[in-house]
Undergrad: 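Provided herewith is a single structure, encoded as structure tokens, for subsequent inquiry.
Just so you know, ligand 1 is whichever comes first in the structure, and atom 1 is the first atom listed for that ligand.
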Amino acid sequence: MATITLRNLVKSYGKTDVIHGINLEVADGEFVVFVGPSGCGKSTTLRMIAGLEEVSGGEILIGDRVVNELDPKTRNIAMVFQNYAIYPHLTVRQNIAFGLYTSTLSKEQKAAKVSEAGAMLGLEPLLDRRPSDLSGGQRQRVAIGRAMVRDPAAFLFDEPLSNLDAQLRAQMRIEIKALHQRLGTTIAYVTHDQVEAMTMADRIVVMRDGHILQSGAPMEIYDN
Ligand code: ADP
Ligand code: ADP
């Protein structure tokens, strides 16, 4: 069960609180999109869930386990970033396999996972190419592949499409949504793009100044 629960979650930088005690329950398999103006705390929230930032107060639970005191590696969560974070000197195959860098799987099992992710993401013909040969959308798929091979209980996406042009964004929206439907994995997704939120979310969480202003189905959020 990969529910994500935030209980009274607080983040401060020095004396400044940027997250003011938020509460949220993301259901197993739910696709939750965080929206809100720049600086409202979306990315900080995601980074705390990933364990890239320490929490200043409150708790984060994955399933029924409080994880914020644990090593981030034990969280079984994979994050996909806006800037791809892929390695130019490695091939597509090697970049995807990098997600399994510290895995204890056998070489064959790793290769099988990389092939499976490559097939699911339509990267098969590109596995031996380098990122410089790829389009932005293909690179973003490599970054997703690297997260996928880890079999995470949840995916965290931080503005994954904002570097892409409009046409690719439209295509990737459909692909990420399809991937979610196929894998059924819990997803927390940050964007400032209303279309992304509307078309992808099971539920939209609207943040403002470090608070959750509103949370509901896309129709409820944008209908009024
Ligand atoms: P969003 O993702 O919604 O644009 P962020 O989570 O990036 O917002 O930032 C929330 C607030 O925290 C902002 O006011 C930002 O300036 C502040 N902040 C983020 N990272 C740091 C940091 N490392 N040090 C100090 N303040 C930070
Ligand atoms: P294991 O899951 O076998 O314990 P680790 O958690 O030790 O593997 O691997 C951790 C490293 O893998 C992290 O420090 C992180 O930099 C890297 N990594 C590669 N891809 C991702 C991803 N998509 N999300 C999170 N960490 C990733």
Undergrad: Would you find more than 12 non-hydrogen atoms of other residues, nucleotides or ligands less than 6.0 Å from R7 atom CZ?
TA: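 No - once you tally the heavy atoms of other residues, nucleotides and ligands closer than 6.0 Å, there are 12 at most.
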Undergrad: Are R47 and D158 close enough for a salt bridge, meaning some N to O gap below 4.0 Å?
TA: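 A salt bridge is absent here (no side-chain N lies under 4.0 Å from a carboxylate O).
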Undergrad: Using modelled atom types only, decide if a donor and an acceptor are shared between the side chain of D202 and the backbone of F31 within a distance under 3.5 Å.
TA: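 Indeed, once roles are kept as given, a pair shorter than 3.5 Å links the two residues.
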Undergrad: Does E54, at its CD atom, have more than 12 non-hydrogen atoms belonging to other residues, nucleotides or ligands within less than 6.0 Å?
TA: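 No, not enclosed.
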Undergrad: Please check: side-chain N/O of R75 versus main-chain N/O of I49, any donor-acceptor pairing under 3.5 Å?
TA: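 Here the side-chain-to-backbone pair exists.
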Undergrad: Below 3.5 Å, can you tabulate the donor-acceptor pairs from side chains in residues 166-173 to any protein atom, sequence neighbours excluded?
TA:
residue, atom, partner, partner atom, Å
R169, NH1, L164, O, 2.8
Q171, NE2, E175, OE2, 3.0

Undergrad: With a 4.0 angstrom cut-off on heavy atoms, strictly below it, pick out the residues next to ligand 1 and order them by chain and number.
TA: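 Correct list: Y13, V18, P37, S38, G39, C40, G41, K42, S43, T44.
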